[in-house]
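What you are looking at is a predicted structure, and each value in this text was computed from that prediction instead of being measured. Hydrogens, waters and symmetry mates are skipped; everything else that's a heavy atom, side chains included, is used.
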Amino acid sequence: MNFLQFDPMAALETNQSATQTYRNMLRWQAIAMLVVALVAGALAGMPAGISALLGGGAVIVGAWFAAKIAEKGQSQTQATAVLLNLLKAEAVKILIVAMILFAVFKLYQSLVPFALIAGLAATALFSGAALAKSQTPV
């Protein structure tokens, strides 16, 4: 038995496919983003709500692209190939989030930075929580 080979899908320890897991993660992120946007909008007005949506949306778009890259590599079984695919997906996600945030800072004149960061943070935190709870459909 070669210890450098493993089944990445077995590591999920679920009966779900990788696609279902990614969809679940994106749903949980969307829910977190909407809750933060509603709270920010109620407490600080419409620009804060929109700012939270833009911050959370940046993470969701980045996560969607990362999930597509990760799905392409799900047939790989060598540890090196799996790791490189995951690193590539994470790099693309970070690049996309950075580009969207740059555009938001340049183009949205009514930006509320705290709300943007709150939306971004909540959505990013729910990425890990959603994967940990991937058995729980939304």
Checklist entry - Which pair of non-hydrogen atoms, one from A52 and one from V36, has the smallest distance, and what is that distance? => result CB-CG1, 4.0 Å

Checklist entry - Does S51 reach the main-chain N or O of L116 with its side chain, forming a donor-acceptor pair under 3.5 Å? => result no

Item to check | V112 side chain near I50 side chain, heavy-atom distance below 4.5 Å | outcome: no

Next on the checklist: Please check: side-chain N/O of Q29 versus main-chain N/O of F126, any donor-acceptor pairing under 3.5 Å?
Outcome noted: no

Checklist entry - Considering only heavy atoms from C-beta outward, does the side chain of K68 approach that of K72 to under 4.5 Å? => result no

Next on the checklist: Could you see if I60 belongs to whatever hydrophobic cluster contains Y108? Use Ile, Leu, Val, Met, Phe, Trp, Tyr and a side-chain cutoff under 4.5 Å.
Outcome noted: yes

Checklist entry - What are the two closest heavy atoms between A63 and L26, and how far apart are they? => result CB-CD2, 3.9 Å

Checklist entry - Just wondering, are more than 12 heavy atoms of other shown residues or ligands nearer than 6.0 Å to CZ in F114? => result no

Checklist outcome for this item: Distance col, row I100:CD1 vs L107:CG, nearest 0.5 angstrom, shows 12.0 Å

Item to check | Remaining members of hydrophobic cluster (4.5 Å side-chain criterion), L87 | outcome: L83

Next on the checklist: Would a single hydrophobic cluster contain both L95 and F65, if residues Ile, Leu, Val, Met, Phe, Trp and Tyr are joined by side-chain heavy-atom contacts under 4.5 Å?
Outcome noted: no

Checklist outcome for this item: Nearest heavy-atom contact between A58 and L101 is CB-CD2, 4.1 Å

Checklist entry - Hey, quick one: are F102 and I117 part of the same hydrophobic cluster, counting side-chain heavy atoms closer than 4.5 Å, chains of contacts allowed? => result no

Checklist entry - Between S110 and P47, which heavy-atom pair has the shortest distance, and what is it? => result O-CB, 3.4 Å

Checklist entry - Do you know which two heavy atoms are closest between N85 and I69, and how far apart they sit? => result ND2-O, 3.4 Å

Item to check | E90 CD to I94 CD1 distance, which is reported to the nearest 0.5 Å | outcome: 4.5 Å

Checklist entry - Linking I/L/V/M/F/W/Y whenever any side-chain heavy atoms sit under 4.5 Å apart, do L54 and F105 land together? => result yes

Item to check | For the student: nearest non-hydrogen atoms of M33 and G56, plus distance | outcome: SD-C, 3.5 Å

Next on the checklist: Rounded to the nearest 0.5 Å, what separates atom CG in L111 from atom NZ in K106?
Outcome noted: 12.5 Å

Next on the checklist: When you compare the side chain of L34 with that of L53, does any pair of heavy atoms fall below 4.5 Å?
Outcome noted: yes

